[in-house]
Amino acid sequence: MTNQITAPFSTATGKDIRVRFCPSPTGTPHVGLVRTALFNWAYARHTGGTFIFRIEDTDQERDSEESYEQIIEALSWLGLDWDEGINVGGPNEPYRQSQRMDIYKEAVEKLKAAGHLYESFLTGEEIDARNEAAGRAKQLGYDNSERDLDQATKDKYLAEGRSPALRLRVPDSDISFTDLVRGEITFPAGSFPDFVVVRPNGHPLYTLVNPVDDALMGVTHVLRGEDLLSSTPRQIALYNAMVQAGITTFIPQFGHLPYVMGEGHKKLSKRDPESNLFHHRDRGFIPEGLLNYLALLGWGLSADQDIFTLQEMAKAFDVHDVNPNPARFDLKKADAINATHIRALSADDFANRLIPYLQKGDVLSTPPTPAQLEILGKAAPLIQERITVLGEASGMLGFLFTDSSKIAIDEDARKGLPENAKQIVAAATAAISALDDFTTDALHDLLNKVLVEDMGEKPKNAFGPLRTAISGRRVSPPLFESMEILGKAETLARLELFARS
RNA sequence: GGCCCCAUCGUUUAGCGGCCUAGGACACUGCCCUCUCACGGCAGCGGCGCGGGUUCGAAUCCCGCUGGGGUCACCA
């Protein structure tokens, strides 16, 4: 009777689709985790379904409140909103598993009453010993030997002071399902033993609470990482039991998203800084860029366009188009995508997003002064198309927010200078001193005439020393624009200082 | 080891039996533009893991092999 999978899979489509994102609050948010959230979000938005956000904090050892806050911060920074769950509520509250213990107790009672759970007294060491004695490989794990323990034996164990874990009696038939991204997958009968769902101390495990909550919350499509693929038949077995116990009426559909790989050919490690979402934010990724790149990890908008917005993604996204191949997290490509999105920002938007990064780089005060904001307004457009991540702004713009006394000449800038650099600077100083119309165009015309036409210098040699004199660097934002922003007095001060050095 | 997943340029991806002389993007190289660096434009480099089938025809379908990855907890 409990020997076959008889429960039906969900047939929900369109608005009836319910997906969820259910992270465990351990550590800082991982880019793979965010990708999972993104795909679930996009599928819900695409279908008009519901996106549920639940927290799986049933591991008191590893869960932390800090991590919980970070996950929420990550989602809101990225602009991934949810319809039901943490902070927004819904018909299935609470949405933190640590607050749902009574619910699990009830589910366990129903499952027990329907005969799907049984008490298991053997410890891990005893299970290993039994395997050894029977000549079975240890990796085979539990041998299902307590399925039909008689009361006398149980009493004996109890008298020894043991308390039993609860295991699910799994069907001994093949278990098949149609994976949304991989197609038909079958696990042969006997692929896994009866597994523990409740600890001897009464604490329910992930193996129980994840499917129970999905069932109770009416989740129709489970989109999750490939690492959970091999636990899917176990969960289907549990769903089947839950249907028979009257807890739910269907098994959700499953789709397993490809791994996000790191350097080499390994799953991107939690210890790798590239896996840390906030590391990328700190470098100056903007949400638009990061989300776009993350979407490319297993999905694409079309054959010849890989730059798109969240809205475009939502409009086009379908799990069936997800590629099963593991995808490497390629920072260079991510940077390029981010740079493209930065260039697409309006000038004001771009300038505003720069502020926190410039403050972190000690370029701007907190809050910025009106004078600083005025300079920023003029300077930001000069670097918008030369920047990959916002964190680069401090280095490129710093010289515009300081004064001549703070300008240090970089070593590589000094090395690239021509022999007659000081002559050139002196000639420029003389010419500029007499200039009243201190604007980009006038500066360009004047210096071009004096240095290139009259002195016969190549443009590169003519303007390089000036660039270095005012910025201290070999490369800088456009020279004449920079001079205009600095103003005549400051520009001359820097040129004179350079000539004397 | 058992079980499961995966397999197109360096990376990512298009391709779902003839439109493929295998397309795009990132990276790389060269040229152009140019006050540096970028941006932009043009050009180039570079790939169907191997072996069998099926078919008039296979990157596309089937089988095997090889390779890679994951999973086998009283973690999630």
Side-chain angles (χ1 to χ4, degrees), chain A residues 22-26 56-59 61-63 97 120 122-124 127 137-142 163-167 179 181-182 185-188 190-193 195-201 203-207 209-210 224-234 256 258-259 261 264-267 293 296-300 302-307 323-337 339-340 343 382-388 396 413 416 443-444 447-448 451-452 458-464 466-468 471 473-482:
Chain A
C22 52
S24 300
T26 57
E56 308 219 328
D57 53 349
T58 53
D59 184 348
E61 298 290 303
R62 300 193 305 161
D63 297 330
Q97 291 189 326
S120 169
L122 260 24
T123 64
I127 290 168
K138 246 192 235 163
Q139 291 105 317
L140 258 28
Y142 187 61
S163 13
L166 260 26
R167 287 183 189 268
D179 190 279
V181 344
R182 287 150 214 277
I185 296 175
T186 299
F187 287 77
S191 291
F192 51 91
F195 55 95
V196 172
V197 293
V198 179
R199 278 179 175 163
N201 65 8
H203 195 91
L205 294 165
Y206 163 83
T207 47
V209 298
N210 174 276
R224 49 164 30 166
E226 186 183 343
D227 49 331
L228 270 338
L229 180 52
S230 52
S231 75
T232 303
R234 276 185 278 271
H256 291 92
Y259 281 105
M261 311 296 277
H265 13 243
K266 286 268 171 52
K267 208 172 132 181
Y293 180 66
L296 258 14
L297 262 22
W299 185 78
S302 71
D304 56 8
Q305 182 192 347
D306 55 14
I307 300 293
N323 192 181
N325 299 13
R328 162 86 149 272
F329 188 91
D330 180 356
L331 192 59
K332 284 235 181 89
K333 173 106 180 189
D335 279 347
I337 300 272
T340 305
R343 276 177 237 126
L382 303 184
I383 62 164
Q384 188 165 2
E385 65 182 24
R386 344 185 162 243
I387 227 172
T388 297
M396 297 183 98
L443 283 163
H444 194 173
L447 292 171
N448 203 54
L451 303 178
V452 179
K458 285 192 186 129
K460 187 165 181 161
N461 274 351
F463 302 125
L466 305 186
R467 179 185 312 287
T468 297
S471 71
R473 303 188 151 229
R474 186 176 60 79
V475 311
S476 80
L479 178 62
F480 310 112
E481 284 84 345
S482 298

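Here is the naming used below: chain letters follow the sequence lines, and residue numbers restart at 1 for every chain.
- Residue A:Lys333 places no side-chain atom within donor-acceptor reach of the base of B:A27, judged by atom type and a 3.5 Å distance cut-off alone.
- Considering only the side chain of A:Pro188, B:C3 comes nearest among B:C6, B:C3, B:C39.
- Note on A:Arg467: every side-chain N or O is 4.0 Å or more away from OP1 and OP2 of B:C37.
- Across all strands shown, A:Arg473 has no heavy atoms under 4.0 Å from either base or sugar-phosphate atoms.
- The residue A:Tyr259 sits close only to the backbone: its heavy atoms come under 4.0 Å of sugar-phosphate atoms, none of a base.
- Out of B:U36, B:A76, B:U71, the shortest distance to the side chain of A:Arg234 is found at B:U71.
- When the nearest nucleotides of RNA chain B are assigned to A:Thr58 and A:Glu226 by heavy-atom distance, the more 5′-ward of the two goes with A:Glu226.
- Going from the P atom of B:G67 to that of B:G49 covers 15 Å, rounded to whole Å.
- Within 4.0 Å (heavy atoms only), A:Ser476 reaches at least one base atom of the nucleic acid.
- Between A:Phe195 and A:Tyr142, the gap from one ring centroid to the other reaches at least 6.0 Å.
- Heavy atoms of A:Leu122 sit under 4.0 angstrom from at least one base atom.
- The base-pairing partner of B:C16, taking Watson-Crick or G-U wobble contacts with both distances under 3.5 Å, does not exist among the strands shown.
- With both ends at atom P, the span from B:A38 to B:G30 equals 12 Å, rounded to whole Å.
- In this structure, A:Ser191 does not reach the B:C72 phosphate: none of its side-chain N or O atoms is under 4.0 Å from OP1 or OP2.
- Judged purely by distance below 3.5 Å, without hydrogens or angles, the side chains of A:Ser120 and A:Arg167 pair a donor atom with an acceptor atom.
- OP1 or OP2 of B:C35 has at least one side-chain nitrogen or oxygen of A:His444 nearer than 4.0 Å.
- B:C33: no Watson-Crick or G-U partner with both key distances under 3.5 Å is found in any strand.
- Base pairing annotation: B:A38 forms no Watson-Crick or G-U wobble pair, as no partner gives both donor-acceptor distances under 3.5 Å.
- A donor N or O paired with an acceptor N or O is found under 3.5 Å between the base of B:C75 and the side-chain atoms of A:Arg62.
- A donor-acceptor distance shorter than 3.5 angstrom exists from the side chain of A:Ser471 to the backbone of A:Arg473, with no hydrogens or angles considered.
- Side-chain proximity of A:Lys266 to the nucleotides B:G24, B:G70, B:C5 is greatest for B:G70.
- Distance A:Ile387 CD1 to B:C39 P: 13 Å, rounded to the nearest Å.
- The nucleotide whose nearest atom lies closest to any side-chain atom of A:Asp330 is, among B:C35, B:U11, B:A38, B:U11.
- Here B:C72 sits opposite B:G1 as a Watson-Crick or G-U wobble pair (both hydrogen-bonding atom distances under 3.5 Å).
- Look at A:Asn461 and you won't find any side-chain N or O under 4.0 angstrom from OP1 or OP2 of B:C35.
- Between A:Phe480 and A:His444, the ring planes lie parallel to each other; the angle is under 30°, not in the 30° to 60° tilted range.
- Contact annotation: A:Asn323 side-chain N/O to B:A14 OP1/OP2 distance is under 4.0 Å.
- Spacing of P atoms, B:U29 relative to B:G70, comes out at 33 Å, to the nearest Å.
- When both distances must be under 3.5 Å, the Watson-Crick or G-U wobble mate of B:U21 does not exist.
- Across the interface with RNA chain B, nearest-nucleotide mapping of A:Pro23 and A:Asn325 shows A:Asn325 to be the residue nearer the 5′ end.
- Close to B:C75, at under 4.0 Å from its OP1 or OP2, lies a side-chain N or O of A:Arg199.
- The side chain of A:Arg474 has B:U36 as its nearest neighbour among B:C26, B:U36, B:C6.
- When the C1' atom of B:C26 is taken as reference, atom CG of A:Leu296 falls 10 Å away, rounded to whole Å.
- Nearest to the side-chain atoms of A:Thr123 among the listed nucleotides B:C35, B:C75, B:C74 stands B:C74.
- With a cut-off of 3.5 Å on both Watson-Crick or G-U wobble distances, the partner of B:G44 is given as B:C28.
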